[in-house]
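Just below is one structure, and these are the notes that go with it.
These numbers come from the heavy atoms of this one structure, side chains and all, not from hydrogens, waters or symmetry mates. In this text, all values refer to a predicted model and were calculated from it rather than measured experimentally. In what follows, chains are A, B, ... by sequence order, proteins preceding strands, each numbered from 1.
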Protein chains: 2
Amino acid sequence: MAKRVSHWNDGCPVARALDVIGDWWSLLIIRDAFDGVRRFGEFQNSLGIAKGMLATRLRDLTERGILKTAPASDGTAYREYVLTKKGSGLFLVIVALRQWGEEHLYTANEPRSSMIDRETRAPVPRLELHGKNGRRLTWRDTEVLKVVRK
Amino acid sequence: MAKRVSHWNDGCPVARALDVIGDWWSLLIIRDAFDGVRRFGEFQNSLGIAKGMLATRLRDLTERGILKTAPASDGTAYREYVLTKKGSGLFLVIVALRQWGEEHLYTANEPRSSMIDRETRAPVPRLELHGKNGRRLTWRDTEVLKVVRK
DNA sequence: CAATCTGGTCTTAAAATAGAACTAGAATTC
DNA sequence: GAATTCTAGTTCTATTTTAAGACCAGATTG
């Protein structure tokens, strides 16, 4: 009676995406992966997640093609979890969340991590959406065309 | 023993953002709000969410300043839930999720809703992140500077 | 003013989560 | 090379969250 509902077949890419990475932990694991975390224990330390949860999340994300396992880069017999191409496609989701969080959830002098351009060492500017003609688009400039819902 | 852990004080804006909108339903509610859904019953129909869940989610999102209530626009005595400025700041999160979903979770001919530029009626192009110097940035071009974790 | 619609609350059963205890194989130390 | 510790899990249980339906009060419609 209480199985979580799936949105996979809603015909909406947002819903389908959330069906895959919309739980409480997945995006945090993926964020860590972008930051270079690779080993089970590293994820656990970084996130403070229960081992059981982490194990099932890593398995699910791997099954879903977002992470893949690789032999440990330090020569030991352990394995590592790294982002696939599909997984690294979530970069802009993380960036958008980060920028929204910075802008709306922090007071001016509260300490927080920040994302910089590796080359210039400057903070990464705000993401922007542009139309084909180069015009900047806000949510009022867009519209979603629905598809028949099955 | 099983209360969901909070990431509010991790010093990471991504974590803090997910603490606020990272549950199973919030982003879907917010997506609907962008698409013009305003009334309790509309959200319920659109999402297939249990009334109890919807009631608490709407209350939480309102308390957190993402939605606000307004008198119904059709003249009745009911109320509506509309995005605040803070809430509409999540637009690019939704766009990023949508674009990732389209690109990685659909086969070529599977039907899905799509986002268009209201003015040109053309599909919205891919989001891109650019550095201060205009260069396009991928995740390999960026780095997150950590802050001491309290 | 009777019926129905809207927007909830309350209750219950199932599922997800957190946390701890346990385990097996790998690596390290003695 | 035996003992110890580390790593990466699995299993177990208590608690919380979720889903779904019954119930309800006030607003609206016929």
Are any of A:R39's side-chain N or O atoms less than 4.0 Å away from OP1 or OP2 of D:dT7?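 For D:dT7, neither OP1 nor OP2 has a side-chain N or O of A:R39 closer than 4.0 Å.
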Looking only at side-chain N and O atoms, does A:W25 come under 4.0 Å of OP1 or OP2 in C:dT17? no
I need the [atom1]-[atom2] distance between [X] and [N], as an integer number of Å.
{"X": "A:E42", "N": "D:dA8", "atom1": "CD", "atom2": "P", "answer": "8 Å"}
{"X": "B:M53", "N": "C:dG7", "atom1": "CE", "atom2": "P", "answer": "18 Å"}
{"X": "A:I49", "N": "D:dA8", "atom1": "CD1", "atom2": "P", "answer": "15 Å"}
{"X": "B:W24", "N": "C:dA15", "atom1": "CH2", "atom2": "P", "answer": "15 Å"}
{"X": "A:N45", "N": "D:dC6", "atom1": "CG", "atom2": "P", "answer": "13 Å"}
{"X": "B:Q44", "N": "D:dG21", "atom1": "CD", "atom2": "P", "answer": "11 Å"}
{"X": "B:D23", "N": "C:dA16", "atom1": "CG", "atom2": "C1'", "answer": "14 Å"}
{"X": "B:D74", "N": "D:dT28", "atom1": "CG", "atom2": "C1'", "answer": "11 Å"}

Report, one pair per line, the protein and nucleotides 26-30 of chain C atoms (nitrogen or oxygen only) whose separation is under 3.5 Å.
from, atom 1, to, atom 2, distance (Å)
C:dA27, OP1, A:A77, N, 2.5

Give the intermediate values and the outcome of salt bridge (Lys or Arg N to Asp or Glu O under 4.0 Å) for residues A:E102 and B:R16. CA-CA 9 Å; A:E102 283 186 42; B:R16 191 169 282 194; over 6 Å; no
In plain terms, say whether [X] and [Y] are close enough for a salt bridge, that is, a side-chain N and a carboxylate O under 4.0 Å apart.
{"X": "B:D23", "Y": "B:R4", "answer": "no"}
{"X": "B:D32", "Y": "B:R38", "answer": "no"}
{"X": "B:R136", "Y": "B:D141", "answer": "no"}

Counting only heavy atoms not in B:R140, do more than 12 fall under 6.0 Å of its CZ? no
Taking the side chain of A:K3 as its heavy atoms from C-beta onward, which of C:dA15, D:dA19, C:dA18 lies nearest to it?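 Between C:dA15, D:dA19, C:dA18, the one nearest the side chain of A:K3 would be C:dA15.
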For the side chain of B:R4, starting at C-beta, report the closest nucleotide among C:dA15, C:dT17, C:dT6. C:dT17
Classify the ring geometry of A:W24 against B:H7: parallel below 30°, tilted from 30° to 60°, perpendicular beyond 60°.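 Rings of A:W24 and B:H7: tilted, as their planes differ by 30° to 60°.
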Less than 3.5 Å apart, any donor N or O on the side chain of A:S113 or A:R98 sitting next to an acceptor on the other? yes
Distance-only polar pair, side chains of B:E80 and B:T69, donor-acceptor under 3.5 Å: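 No.
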Could I get a table of every N or O pair under 3.5 Å where one atom is in the protein and the other is in nucleotides 9-12 of chain D?
from, atom 1, to, atom 2, distance (Å)
D:dG9, OP1, A:R79, NH2, 2.9
D:dG9, OP2, A:Y81, OH, 2.7
D:dG9, N7, A:K51, NZ, 2.9
D:dG9, O6, A:K51, NZ, 2.7

Would you say the rings of B:F34 and B:F91 are close, in the sense that their centroids are separated by under 6.0 Å? yes
